[in-house]
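Every chain is numbered from 1 and lettered A, B, ... according to where its sequence line falls, protein lines coming before strand lines. All values reported here derive from a predicted model rather than from experimental measurement.
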Protein chains: 2
Amino acid sequence: MDEGPGSGKRGESLLFLTDEQLRKGIEAMFFAYKGFTSDPDRILEMRGYGRAHHRAIHFIHRSHGTTVNNLLAILGVTKQSLNRVLRSLIDDGLVESRVGSRDKRERHLYLTEAGLVLERELSDAQQARVRDAFRVAGPQAVSGFRTVLEAMMDPEMRRRYQRLTENGQ
Amino acid sequence: MDEGPGSGKRGESLLFLTDEQLRKGIEAMFFAYKGFTSDPDRILEMRGYGRAHHRAIHFIHRSHGTTVNNLLAILGVTKQSLNRVLRSLIDDGLVESRVGSRDKRERHLYLTEAGLVLERELSDAQQARVRDAFRVAGPQAVSGFRTVLEAMMDPEMRRRYQRLTENGQ
DNA sequence: TGGCAATGTCAACAAGGCTGACATAAAATC
DNA sequence: GATTTTATGTCAGCCTTGTTGACATTGCCA
């Protein structure tokens, strides 16, 4: 390793900020994210869906009646990209799109009964893995895990995340 | 929330395993991973590369002279998929492929000077974000972060991760 | 009434996964 | 020494999911 920025030990209490420690963290993110998505991916595949469908289902479930625009902002994709996914979910009867009552331009999105069933299935699979990991790691580690992840988000996404998690606390 | 598996409080010390806590963890992974990759992605885009190129560059740098087969196992993709990426990196003079001396069927992969430059650029961008997050969160949180991520990996990937991180400790 | 906002849709393109098939060279094995 | 297996590369085609650009509809609002 060369002496790039952040190399070496800058102080007795900063040993966790060496290049080597940072690299471990980076690689841990890579490998963990793979595991994180692998269980739901297997379920989605059987239905002919992909990760994008899971994300849409998750956040529609999370915020019943959310608008398309809001969903776009949370997911951070283009409307054309989201629309493709949403179309298939609506056509398959997993998501319902209702015209807004206050503002009739808006569409409010809800999971149907069938949508809730799939959501539960995906959620169970993903939660099982996260729960096991949390249990093995313990409460203190989990707290640290969340703290670091939050610090890693883009400010705009952090705001959205915090807004999502503060209700339902 | 319904009473799915893992719902509710099972004991005074298990409040961190409620569905709500798990969901926060899941959403934190989603939002954090976005931030985690956004800085390198911007650099890659200027060169006409994508995430797959970054991953290849990272692990070739990490393990100088690794074989194609080894890289395939670490990345968890097909050889056709990796080959496409590797081809462009070799053609662009960022990666060198040398015939193995012991086993001449194998190709050993190395970053060239130009490859090292790009690696450093990508690495600096990603490390800057992770370093800031680590610094803000503190050593204890970082330790918990790594513990949870490790517990979240597939066993096979965890073994690979640990093998990678134990040398160069 | 005119303009802006929310949504949907068509078309085209790119990245990066995948499968299947086939080729070559070298190692390993019988 | 002949055969099989391994490591790699490559062609072709398919899928998901992201992108841009253009355009239409509807409805809110000033």
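Distance CG (B:Asn83) to C1' (C:dG17): 14 Å, rounded to an integer number of Å. Regarding B:Glu45, its CD atom lies at a distance of 10 Å from the C1' atom of D:dT19, rounded to whole Å. In this structure, A:Leu71 places its CG atom 15 Å from P of C:dA6, rounding to the nearest Å. Note: CD (B:Glu106) to P (D:dG9) measures 11 Å, nearest angstrom. Atom-to-atom, CD1 of B:Ile57 to P of C:dG16 comes out at 11 Å; the value is rounded to the nearest Å. To the nearest angstrom, P of C:dA27 lies 11 Å from CZ of B:Arg107. D:dC23 atom P lies 14 Å from atom CD of A:Gln80, rounded to whole Å. In this structure, the CZ atom of A:Arg51 is 18 Å from the C1' atom of C:dA15, given to the nearest Å.
Here B:His53 does not reach the OP1 or OP2 of C:dA15: none of its side-chain N or O atoms lies under 4.0 Å away. Between A:Thr78 and D:dG18 there is no side-chain polar atom (N or O) within less than 4.0 angstrom of OP1 or OP2. Residue A:Arg87 has a polar side-chain atom (N or O) positioned under 4.0 Å from OP1 or OP2 of C:dT9. The phosphate of C:dA5 (OP1 or OP2) has no side-chain N or O of A:Asn69 nearer than 4.0 angstrom. A sub-4.0 Å separation between OP1 or OP2 of D:dG18 and a side-chain N or O of A:Arg55 is present.
Annotation: cation-pi geometry satisfied between A:Arg98 and A:Tyr110 (NZ/CZ under 6.0 angstrom from ring centroid, within 45° of ring axis).
Heavy atoms of A:Arg84 sit under 4.0 angstrom from at least one base atom. Heavy atoms of A:His108 sit nowhere under 4.0 angstrom from any nucleic acid atom.
Rounded to the nearest 0.5 Å, atoms OH (A:Tyr161) and NZ (B:Lys24) are 7.0 Å apart. With rounding to the nearest 0.5 angstrom, the CD atom of A:Gln21 is 8.0 Å from the CG atom of A:Leu15.
Under 3.5 Å, the side chains of A:His58 and A:Arg55 contain no donor-acceptor pair of N or O atoms.
Evaluation of atom-type donor-acceptor distances gives no pair under 3.5 Å for the side chain of A:Arg105 against the base of D:dT26.
Each of A:Gly48 and B:Asp103 lies near DNA chain D, and the nucleotide nearest B:Asp103 is the one positioned closer to the 5' end. Residue B:Ser97 is the one, among A:Lys104 and B:Ser97, whose nearest nucleotide of DNA chain D lies closer to the 5' end (criterion: closest heavy atom).
For A:Ser81, counting side-chain heavy atoms from C-beta on, the closest listed nucleotide (D:dG9, C:dC18, D:dT17) is D:dT17.
Taking a cutoff of 4.0 Å between a charged side-chain nitrogen and a carboxylate oxygen, A:Asp154 and A:Arg158 do not qualify as a salt bridge.
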